[in-house]
Amino acid sequence: MANVYFDNNATTALDSRVLESMLPWLSSQSGNPTSRHVYGRSARDAVEHARVQVAEACGAYSSQVVFTANGTEANNFAIKGMAGNLPSAQILTSAIEHPCVTRPALMMQQFGYSSKPIAVDSSGKLSLENLQQQLTLPTSLVSVMLANNETGVIQEVAIVAELARAVGAFIHTDAVQGLGKIPLSFTDLNVHAMTVSSHKIHGPQGAAALILDKRVDIQPLLHGGGQEKGLRSGTENVAAIVGFGVACELAVANRIHYASHTQLLRDQFEQGLVDIGSIKSSVMIFGNKVARLPNTSFFAMNGIEGETLVMALDRKGYAVASGSACSSDSTEPSNVLLAMGIDKDLARGAVRVSFDATNTPAQVNDFLVTLNNEVKRLKELTAIAA
Ligand code: PLP
């Protein structure tokens, strides 16, 4: 049986060099960065070194990096923290955001903010017209992701930032899926806040960051000992932060190879997908007409449940996702596809394959054979049941 991981938008394997950098901080080096003694000082130095590595990968200054435990926390911090210090006008989030952006925005309704989605078109691209229309009403905050975790579709965040700034609104982008995959610059995007997360780039789970314009007045989510300049209290996860820093350095060094290699695999896969006789007539690939992440393919086949196909492929040793991994316990069709106007039944068939630089063309070839067989088998089963 195969043992192949094609779910790299959900999480990635820890790089052995990252693990090596973390080990001392999980064993002999046990200082708390706030302690004044030598153990504390060396832990502080390690965290500050990682801050520089993360900043460099994000086109930001190290003073703009606030470490958090994960991307979910950084997004919650951005939405609740920034909006909370602004007049209670509307919060606009794209209709395809991750739930850790949309739910905090909805939660702010209890404090008098209204939360509204910005429409996307059938390819998954944000409607700038719809945004402009909505910005005619008083707006405190706009949040638009850089790249979607399901379709991989890339948004024009710098333009969104310009439009938001023109009406005095703050702008946040969730760049969790962008880091390491496409060029990323906090400065060029011209946003007030940007989220990145370690475990999507072969770093450990347990570290992420909100990159923050220092002029933004933001309320902390966590109050306590005043770590991270009072913006995120709680003892730093030194080992995870050190690993995140190294993962950032590696991601920057590998990005060009990553992009060309994963795009080759993705193109090979999508070509094979449409060539497979049994599924030729019924396959739909989402977002493939616009700029998207090089590693991501999101597709559906009429008449085949995504969940069923994912489980069948898992039994053959292939790890892929149906819809977003973060909401895979729900059987509802992907809200991203529904926002794109995709029919509910077709959306239920959605499967995401997300490659990585460690995957090979041979793996993709074998996967296509297995996929073809499984689709054929499932179609036959459906025909018998009908
Ligand atoms: N934003 C996007 C676009 C994501 O894909 C994810 C995770 O899948 C998150 C945020 C949440 O990040 P984390 O898993 O670090 O909490």
Side-chain angles (χ1 to χ4, degrees), residues 5-14 18 54 57-58 65-80 93-105 117-118 120 124-126 143-155 157 160 172-182 184 189 191 193-211 221-222 232 234 237 240-241 243-244 247-248 251 286-287 292-293 295-298 319-330 334-337 339 350 352-356:
Y5 188 77
F6 284 154
D7 195 14
N8 290 282
N9 283 9
T11 196
T12 54
L14 192 67
V18 172
V54 172
C58 294
V65 176
V66 182
F67 285 119
T68 62
N70 47 47
T72 299
E73 184 194 330
N75 279 343
N76 269 264
F77 177 33
I79 304 293
K80 295 177 192 163
T93 62
S94 86
I96 53 165
E97 293 298 314
H98 193 277
C100 63
V101 166
T102 47
R103 291 198 182 140
I118 313 161
V120 294
K125 284 220 55 156
L126 190 86
S143 182
V144 172
M145 71 202 319
L146 182 60
N148 185 263
N149 41 305
E150 297 183 26
T151 59
V153 169
I154 298 167
Q155 304 297 342
V157 172
V160 173
H172 163 255
T173 189
D174 173 351
V176 163
Q177 294 292 345
L179 178 61
K181 296 175 182 161
I182 54 173
L184 183 62
L189 290 176
V191 292
M194 179 172 97
T195 298
V196 287
S197 178
S198 158
H199 73 98
K200 307 288 186 182
I201 56 161
H202 299 283
Q205 293 163 358
L210 187 68
I211 315 296
L221 278 187
L222 301 180
R232 203 279 185 181
N237 185 346
I241 289 172
F244 183 21
C248 277
F286 304 110
R292 55 184 170 143
L293 296 175
N295 76 321
T296 306
S297 185
F298 197 37
V320 299
S322 66
S324 163
C326 301
S327 58
S328 60
D329 57 337
S330 109
S334 149
N335 70 311
V336 172
L337 294 181
R352 181 187 68 189
V353 179
S354 47
F355 299 105
D356 179 64

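Numbering of residues begins at 1 and proceeds along the displayed sequence. Since this is a predicted model, take the numbers as computed values, not measurements. Note that ligands are numbered from 1 as they come in the structure, with each ligand's atoms numbered from 1 the same way.
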Worksheet item: Is there a side chain to side chain contact (heavy atoms under 4.5 Å, CB included) between Ile211 and Val65 once you walk through the steps?
Response: CA-CA 5 Å; Ile211 315 296; Val65 176; 3.9 Å; yes
Worksheet item: Any chance the side chains of Thr296 and Asn9 put a donor and an acceptor closer than 3.5 Å?
Response: yes
Worksheet item: Are the side chain of Gln155 and the backbone N or O of Val144 linked by a donor-acceptor pair below 3.5 Å?
Response: no
Worksheet item: Which of the atoms in ligand 1, numbered in the order shown and given with their element, are less than 4.0 Å from a heavy-atom of Met145?
Response: 3 (C)
Item to complete: Could you tell me whether some N/O pair between Ala10 and ligand 1 is separated by less than 3.5 angstrom?
Response: no
Worksheet entry | Minimum side-chain heavy-atom gap Val336-Phe286 below 4.5 Å | no
Worksheet item: How does Thr72 reach ligand 1, if at all, at less than 4.0 Å between non-hydrogen atoms: by side chain, backbone, both, or neither?
Response: both
Item to complete: Give a yes/no on ligand 1: does Cys100 have at least one heavy atom closer than 4.0 angstrom to it?
Response: yes
Fill in: Close-contact set for ligand 1 against Gln177 heavy atoms, below 4.0 Å
3 (C), 4 (C), 5 (O)
Discussion item. Show the atoms of ligand 1 that are less than 4.0 angstrom away from any heavy atom in Val176.
Written reply: 1 (N), 2 (C), 4 (C), 6 (C), 10 (C)
Practice prompt. Please confirm whether His199 comes under 4.0 Å of ligand 1, counting heavy atoms of the residue only.
Written response: yes
Practice prompt. Check each atom of ligand 1 against the heavy atoms of Lys200 and keep those under 4.0 Å away; list them by number with element.
Written response: 5 (O), 6 (C), 7 (C), 8 (O)
Discussion item. On a heavy-atom basis, I'd like to know which of Gly71, Ala69, Gly178 is closest to atom 12 (O) of ligand 1.
Written reply: Gly71
Fill in: Leu221 side chain reached by Lys80 side chain, heavy atoms, under 4.5 Å
yes
Response to the item:
Between His199 and the options Thr11, Asn70, Thr12, the side chain to side chain donor-acceptor pair (under 3.5 Å) test singles out Thr11
